[in-house]
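Structure, as structure tokens:
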There are 4 protein chains.
Amino acid sequence: MPRGRTKGDHEAKRAEIAEAACQVILRLGIAQTSLSEISREMGYTTGILRHYFADKEELLLYAKNLFFDRSFERARAAAIRHDGIEKLRAMAISLLPTDTESVDRYRLLATFNGHAIGNSRLMKLQQKRNVRHWHVFEEVITALIESGDLPAQLNPRLEACGILAMIDGLADQVIMEPGAWSTNELVPLLSRYIESLRKPASLAPQMGRTAKQRSA
Amino acid sequence: MPRGRTKGDHEAKRAEIAEAACQVILRLGIAQTSLSEISREMGYTTGILRHYFADKEELLLYAKNLFFDRSFERARAAAIRHDGIEKLRAMAISLLPTDTESVDRYRLLATFNGHAIGNSRLMKLQQKRNVRHWHVFEEVITALIESGDLPAQLNPRLEACGILAMIDGLADQVIMEPGAWSTNELVPLLSRYIESLRKPASLAPQMGRTAKQRSA
Amino acid sequence: MPRGRTKGDHEAKRAEIAEAACQVILRLGIAQTSLSEISREMGYTTGILRHYFADKEELLLYAKNLFFDRSFERARAAAIRHDGIEKLRAMAISLLPTDTESVDRYRLLATFNGHAIGNSRLMKLQQKRNVRHWHVFEEVITALIESGDLPAQLNPRLEACGILAMIDGLADQVIMEPGAWSTNELVPLLSRYIESLRKPASLAPQMGRTAKQRSA
Amino acid sequence: MPRGRTKGDHEAKRAEIAEAACQVILRLGIAQTSLSEISREMGYTTGILRHYFADKEELLLYAKNLFFDRSFERARAAAIRHDGIEKLRAMAISLLPTDTESVDRYRLLATFNGHAIGNSRLMKLQQKRNVRHWHVFEEVITALIESGDLPAQLNPRLEACGILAMIDGLADQVIMEPGAWSTNELVPLLSRYIESLRKPASLAPQMGRTAKQRSA
DNA sequence: TATGAATGAGTCTTCATTCAT
DNA sequence: AATGAATGAAGACTCATTCAT
């Protein structure tokens, strides 16, 4: 082999760099995340980054995708062992921030989301990830409706959005006060939400914000 | 001396600057928000900022507080005209992102939250705001339990967290795809969630992520 | 006047900076002309350049224009005191590099021309300057033809190009060996060239590079 | 050992690299010409250059010489088939930029000349090339004077400079607007210039720039 | 109060060069 | 001979901050 180095290393190194970048972000915040700090995190010098990424933006983008695009695979994997509405519940719960690693993942998500505000290019990329995410849920919900496990009047797209909202919202709370919420509290909360999809009667005729119908 | 309004003007100018800062953040993203851009937004030059804020950090902090500390007052105000569980619903709905202004408020929130990751000082400040926020809900929920409108076994603190999670989570979704979700969809979703608090039977005995108990 | 500084300074400072840039280019070459060297040349620090120029390219462009766009005004001024073919001669001679200052001007010209190769944007700008330059000559030649001072069969555009070529070519030679050519040598050479425009008989029937007509 | 050609290959590779360097310079400009771009132009990677050149400067110098040192051989070759003043004309015309290749040669010349400004070492090298260049013309002119084809009062050194100036000056114009000047225009112009050497009467008594003598 | 000139540190980016393979 | 990983220095550019007016 006349190659000075092997080719496989390249992608692995990109991942290593991305990992380092995430560590720095979590430690110092994205505003203080400099390339020199990232390379120092790895024990290298700045110049090396150029071998693997065209510029800082590409590096951050890669880092973002590397970690988040995997999360919905996790959800799919969690679903596979369950049936009926349990499938939905298993998926949702698998996405909850339950340990340091998953909390950090949500901290990174919050970072990248915040970073995308005001940057339409980044925002579009975040959108895409998000859409892919709730497609996973949408599919399962649609199947559950067809199988009769969930009421027919549910809008799968909206319900997928709702579940994701609940999960992300809880994650936001956990991020903010890591010690304040235990898995034992969050799981039942999320379970009850999913359970509530089965009796969506009250969803019927509600309009806008003045909503006075129920007082009748 | 007729300059009695001097101090008031001073505070008014601080608010004006903070407003400009938020506009710039929404337009360019916080990473691209420079002091010169903020002053240009107002039609002034950089030097003026020094008269009103010690440094950039103070300015951003002030901007953040100015807009977010008001949001839960809005919720309180919305609650006042309602009774029973309707009070809770009205508060929640009043916080939903329904127009450009409120969407922008959540975009700013996402920005500041992301910006606080990795910066413990900022994070603590965000926490405080958040705590104050769900205290408002906690109080109302506690009152509703006492009045019998909500089941006694509910944990007010946790339920407040849940409602806020739902609202913030929905806001996150709206931020990402502003046109995708209408108020007519979000309000019933949120209403159903609040409705589900009334029958928390299923909340009882759920553990961890394996959760197979209910299939018995 | 509530102004911190006067406005007139601004343009003057730009010229001062441009002047410094040219000095550095002449001393170190354009490849070694860094912004820090330019600011050091002026006794300032690097940051100041940003007040007056968006980036390095704009600075260099401004420097180029500042010095070269004036040169053909010099030619026009030189022409004004003369008539007939003497006008042409006076213009041409006024453009010759005769002292340190004018030699430096041609050294800068060579630098900027070389710098524009491979950069179509810069090249277009150089073109424009050049075109304006020989328009000055073209006009005078056209007038001299009409007045009968020069033969009617001359192509003013081509002859303008020829005179400029002669001048620039001589300047190139002078640049390369500053001491080798005296004004006393160059002026007669250029004069004879201009003189030769009066008897353009031989210009008639010459084609391409094989040119065998004279052997007849 | 059948590697008798090793050294020849080495030199051939140097030329190949130099050729690539020139292509990159013409495409991107010398300021943007990086070693990695040069090696990429050849389909190699950066490391290879080290085997053939000590550093970048040596490479560029080699590239410069490779192409320009050949040009006056071209002139000599063109001269050989002609006699009398035709010899001079043939030489001059052979140096005119008439096709893409020769235009590119002058573009490179302008680049290297510009690059040498402010760098005395490079400037001296350019000088040497230039001197060799007009020595070729000087010799021919001297011979033509001796043979009576040109007037005795001509200064061969100065006239060589003049012819080169005319050629280089025209080349400068062609470089700037490649499509603007045809060979059919340039050749007669240059021919007339050379023709004018035969009647150098007017060269006699001209001084400085005030030159009013001829109006007597 | 407001300006804008000037600073200077920090960051990204480029790139020639080295070297193990 | 050729690769490409890694270095490290240098340069452009950004920007918060200071300050004389």
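By convention in this document, chain letters (A, B, ...) are assigned in the order of the sequence lines, proteins followed by strands, and residues within each chain are numbered from 1.
Regarding Phe53(C), its CZ atom lies at a distance of 16 Å from the C1' atom of dA12(F), rounded to whole Å. Taking atom CG of residue Leu49(D) and atom P of nucleotide dC15(E), one finds them 14 Å apart after rounding to whole Å. Leu60(C) has its CG atom 14 Å from the P atom of dG11(F), to the nearest Å. Protein atom CD1 of Ile30(D) is 13 Å distant from nucleotide atom P of dC15(E), rounded to whole Å. For the pair Arg40(D) CZ and dT3(F) P, the computed distance is 13 Å after rounding to whole Å. Straight-line distance from the CZ atom of Arg14(C) to the C1' atom of dG4(E): 16 Å, rounded to whole Å. Between the CG atom of Leu59(A) and the P atom of dT13(E) there is a distance of 10 Å, rounded to whole Å. Atom-to-atom, NE2 of His10(C) to P of dA6(E) comes out at 10 Å; the value is rounded to the nearest Å.
Residues Ile38(B) and Ile25(B) fail the side-chain proximity criterion, which asks for heavy atoms closer than 4.5 Å. In this structure, the side chains of Glu19(C) and Glu16(C) stay at 4.5 Å or more apart for every pair of heavy atoms. By the 4.5 Å heavy-atom criterion applied to side chains, Thr111(D) and Lys64(D) are not counted as neighbours. The side-chain heavy atoms of Ser39(D) and Thr45(D), taken from C-beta on, include no pair separated by under 4.5 Å. Using a 4.5 Å cut-off on side-chain heavy atoms (C-beta onward), Arg129(D) and Asn113(D) make no contact.
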B/S/- along nucleotides 13-18 of chain F (protein heavy atoms under 4.0 Å) is SS-SBS

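Put simply, the side chain of Glu58(D) never gets that close to the backbone of Phe53(D): no donor and acceptor are under 3.5 Å apart. Panel note: side chain Asn65(C), backbone Leu61(C); a donor-acceptor pair is recorded below 3.5 Å.
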Give the table of side-chain donor-acceptor pairs shorter than 3.5 Å for residues 115-123 of chain B, with sequence neighbours excluded, one pair per line with atom names and distance.
residue, atom, partner, partner atom, Å
Asn119(B), OD1, Arg121(B), N, 3.2
Asn119(B), OD1, Leu122(B), N, 3.2
Arg121(B), NE, Glu57(B), OE2, 3.4
Arg121(B), NH2, Glu57(B), OE2, 2.6

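If you check dA2(E), dT3(F), dA5(F) against the side chain of Tyr44(D), the one that comes closest is dT3(F).
Each of Glu41(B), Gln32(B), Arg40(B) was compared with Val24(B) under the side chain to side chain contact (heavy atoms under 4.5 Å, CB included) criterion, and only Glu41(B) meets it.
Between Lys13(A) and dG4(F), a side-chain N or O to OP1/OP2 separation shorter than 4.0 Å is absent. Residue Tyr52(B) places none of its side-chain N or O atoms closer than 4.0 Å to OP1 or OP2 of dT1(E).
Secondary structure note: stems in DNA chain E built from 3 or more consecutive Watson-Crick or G-U wobble pairs under 3.5 Å occupy E:2-21 with F:2-21.
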